[in-house]
A.B. asks: 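One structure, pasted below without further comment.
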There are 2 protein chains.
Amino acid sequence: MNPNRRFKDEIYEQFSRIGKAVSSPKRLELLDILCQGERTVEKLAKETALTIANTSQHLQVLKNSRLVEQEKQGLYVVYRPAPMVCDFLFSMRNVAENRIAEIEQIKKRFLEGKKGMEPMDREALLSRLETEDITLLDVRPAEEFRAGHINGALSVPLNELEFMLANLPKDQEIVAYCRGPYCVLSVQAVELLNQRGFNAVRLEEGVQDWKRMGLSLSTGK
Amino acid sequence: MNPNRRFKDEIYEQFSRIGKAVSSPKRLELLDILCQGERTVEKLAKETALTIANTSQHLQVLKNSRLVEQEKQGLYVVYRPAPMVCDFLFSMRNVAENRIAEIEQIKKRFLEGKKGMEPMDREALLSRLETEDITLLDVRPAEEFRAGHINGALSVPLNELEFMLANLPKDQEIVAYCRGPYCVLSVQAVELLNQRGFNAVRLEEGVQDWKRMGLSLSTGK
DNA sequence: CTATTATTCAAGAAAATAATTGAATAATAG
DNA sequence: CTATTATTCAATTATTTTCTTGAATAATAG
């Protein structure tokens with residue numbers, strides 16, 4: 001074969017390794033979760049509803065295309081996104097959201113009939129947060145809250161929410177957020193709160209989106 | 001199935017349409033070419049060394065994942081990258097180049113033993129261009145030159161280069177560029193020039209890279 | 001050393017994808 | 001209307017990918 005052709009074939013073959021890695025819905029979900037913070041195989045399997053073996057295999061694929069890194073920690077193997085990967089994923093999500101109309105439809109259909117799901121105005125939210133006019137809940141697992149959360153947010157993991165209701169105000173609007181538009185924790189939280197007579201709305205943006213918009217996060221307790 | 005799980009599955013299924021589109025080396029090459037400017041199926045087939053039917057099928061895949069747009073012009077169908085797609089591709093190439101060591105190896109092996117292939121210092125190039133110390137050749141097809149080229153470059157398409165040699169200086173360094181690091185036009189040009197006793201080097205960056213670095217381009221003749 | 005737990009490996013079945021081929025369409029020129 | 005040309009379609013084959021299952025490995029606790 002022509003060496004020029006051969007060169008191009010070899011080069012694009014390599015580029016396609018990245019494409020193949022992100023051509024599976026499951027692997028995209030795994031990467032998305034990893035961009036929220038490192039995880040063990042077990043946790044990833046649980047969050048994605050895959051079998052452990054299948055999760056492990058997908059992670060091998062991601063590792064072979066250099067999109068994730070792994071580290072053995074005792075009995076566990078912890079996976080992490082490789083540098084640049086979350087930015088790349090963001091760019092991909094951007095294209096998808098702008099070009100693929102079905103995404104908006106699916107979102108709309110899922111949120112249909114649920115109260116408090118309208119997109120919020122960020123400016124309004126920020127100013128109301130400052131005047132303490134609203135209560136902002138971070139409903140992700142406590143560990144993720146510790147790793148970084150929106151300034152002024154309260155950590156109330158979804159599975160503890162039920163037991164924290166007594167401490168929440170009935171006369172003030174409650175805003176719940178989680179990992180982003182495709183995370184359902186805040187959706188469930190808002191549903192529960194509204195059922196119990198609170199006035200709750202969802203902030204669609206997640207911590208990473210918040211960060212990406214140049215807004216500051218806090219860490220720790 | 002749990003509606004939350006169903007929602008995620010549906011969403012990531014949609015995201016993966018983008019990934020599937022860029023999981024084939026041939027489609028990546030097609031997209032790369034399209035980011036240089038719109039093309040007919042025929043031209044794309046020729047540039048990628050694919051059959052027309054195969055090219056057409058790949059283009060259908062890209063169209064279905066909304067990464068390209070098409071327009072019928074008489075007997076021809078012209079394809080164009082959709083908005084944002086070239087930026088996404090750039091981000092993907094970035095990840096690949098940084099994470100996949102094989103790419104650098106393949107490049108090195110291909111350029112091995114060829115004269116004038118060392119990366120150039122951009123600053124030095126710019127200042128030498130201003131003092132007219134070097135001759136800058138754009139060896140892409142004339143049409144692409146017209147659509148946009150580096151300020152001060154001369155249009156000498158590779159297949160015309162042989163007949164233009166008499167007009168080129170023997171006492172001055174000649175710098176040739178084309179579409180970028182994976183385009184071989186400038187490589188061939190530099191080889192030919194050096195064989196014929198000129199002092200030629202290759203500028204690895206292509207027009208799009210140049211543009212992306214914030215440097216200005218000219219259009220027209 | 002043995003049992004337990006997290007992860008990976010290996011093999012097989014089902015599904016999806018890529019390239020090839022020849023035929024079908026659509027636009028235009030004569 | 002007929003011939004030509006660019007493109008797409010449809011069917012087939014070969015290849016890859018995904019998921020499942022059960023077994024193998026590796027680290028640790030007792």
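Naming: A, B, ... by sequence-line order, numbering from 1 per chain.
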A.B. asks: May I ask you to say whether A:Lys107 pairs ionically with A:Glu97, meaning some side-chain N is under 4.0 Å from a carboxylate O?
C.D. replies: no
A.B. asks: Could I get the full list of side-chain contact (heavy atoms from CB on, under 4.5 Å) partners for A:Arg6, not counting sequence neighbours?
C.D. replies: A:Met1, A:Glu10
A.B. asks: Less than 4.5 Å apart, side chain to side chain, heavy atoms only: is that true for B:Arg212 and B:Asp87?
C.D. replies: yes
A.B. asks: Answer yes or no: is there a side-chain heavy-atom contact under 4.5 Å between A:Thr219 and A:Arg146?
C.D. replies: no
A.B. asks: Does A:Tyr79 put a side-chain nitrogen or oxygen below 4.0 Å from OP1 or OP2 of C:dT8?
C.D. replies: yes
A.B. asks: Do A:Leu137 and A:Tyr177 have side-chain heavy atoms sitting under 4.5 Å apart?
C.D. replies: no
A.B. asks: Rounded to the nearest angstrom, tell me the gap between atom OH in A:Tyr76 and atom P in C:dT5.
C.D. replies: 10 Å
A.B. asks: Could you check whether any side-chain heavy atom of B:Phe88 comes within less than 4.5 Å of a side-chain heavy atom of A:Asn94, counting everything from C-beta outward?
C.D. replies: no
A.B. asks: Applying salt bridge (charged side-chain N to carboxylate O under 4.0 Å, His left out), which residue pairs with at least one partner in residues 178-192 of chain A are found, sequence neighbours left out?
C.D. replies: A:Glu47-A:Arg179, A:Glu144-A:Arg179
A.B. asks: Applying side-chain hydrogen bond (donor to acceptor under 3.5 Å, both in side chains), name anything that partners B:Glu205, two or more places apart in sequence or on another chain.
C.D. replies: none
A.B. asks: Between atom CG in B:Asn64 and atom P in C:dA16, what is the gap in whole Å?
C.D. replies: 16 Å
A.B. asks: In whole angstrom, give the distance that lies between atom CD of A:Glu42 and atom P of C:dT7.
C.D. replies: 6 Å
A.B. asks: Name the nucleic acid region contacted by A:Ser24, choosing base, sugar-phosphate or nothing; use a 4.0 angstrom heavy-atom cut-off, strictly under.
C.D. replies: sugar-phosphate
A.B. asks: How many whole angstroms separate atom CG of A:Leu44 from atom C1' of C:dT7?
C.D. replies: 12 Å
A.B. asks: Enumerate, atom names and distances included, each donor-acceptor pair closer than 3.5 Å involving a side-chain atom of residues 68-84 of chain A, sequence neighbours excluded.
C.D. replies:
residue, atom, partner, partner atom, Å
A:Glu69, OE2, B:Arg99, NH2, 3.4
A:Gln70, OE1, A:Lys63, NZ, 2.9
A:Gln70, NE2, A:Tyr79, OH, 2.7
A:Glu71, OE1, A:Arg80, NH2, 2.5
A:Tyr79, OH, A:Gln60, NE2, 3.2
A:Arg80, NH1, A:Glu38, OE1, 2.4

A.B. asks: Atom CD of B:Glu13 to atom P of D:dT17: distance rounded to whole Å?
C.D. replies: 17 Å
A.B. asks: Rounded to whole Å, please give me the gap between NZ in A:Lys63 and C1' in C:dT8.
C.D. replies: 9 Å
A.B. asks: Using C1' atoms of five pairs at each end, report the bend of the helix from C:dC1-D:dG30 to C:dG30-D:dC1 rounded to 10 degrees.
C.D. replies: 20°
A.B. asks: Mind listing the residues from residues 26-40 of chain A sitting with a heavy atom below 4.0 Å of DNA chain D? Number order is fine.
C.D. replies: A:Lys26, A:Arg27
A.B. asks: Name the pairs: protein N/O against N/O of nucleotides 20-27 of chain D, kept only if under 3.5 Å.
C.D. replies:
residue, atom, partner, partner atom, Å
D:dT20, O4, A:Gln57, NE2, 3.3

A.B. asks: Quick one: do B:Glu204 and B:Arg122 make a salt bridge, cutoff under 4.0 Å?
C.D. replies: no
A.B. asks: What is the distance, rounded to the nearest whole Å, between atom CD1 of A:Ile52 and atom P of C:dT8?
C.D. replies: 10 Å
A.B. asks: Of B:Gln60 and A:Ser23, whose nearest nucleotide on DNA chain D comes first from the 5' end?
C.D. replies: B:Gln60
A.B. asks: Quick one: side-chain contact (heavy atoms from CB on, under 4.5 Å) partners of A:Ser155, sequence neighbours excluded?
C.D. replies: A:Ala142, A:Phe145, A:Pro157
A.B. asks: Please report the distance, rounded to the nearest Å, between NE2 in B:His58 and P in D:dT7.
C.D. replies: 16 Å
A.B. asks: Scan residues 8-63 of chain B for pairs that pass ring pair (Phe, Tyr, Trp, His ring centres under 6.0 Å), counting only residues two or more places apart or in two chains.
C.D. replies: A:Tyr182-B:Phe15, B:Tyr12-B:Phe15
A.B. asks: What pairs of donor and acceptor atoms, side-chain ones from residues 109-118 of chain A against any protein atom, are under 3.5 angstrom apart with sequence neighbours left out?
C.D. replies:
residue, atom, partner, partner atom, Å
A:Lys114, NZ, A:Phe110, O, 2.7

A.B. asks: Could you check which residues of residues 4-12 of chain B get a heavy atom under 4.0 Å from DNA chain D? Sort them by number, please.
C.D. replies: none
A.B. asks: Check side-chain contact (heavy atoms from CB on, under 4.5 Å) between B:Val61 and all other residues, then give those that pass, not counting sequence neighbours.
C.D. replies: B:Arg27
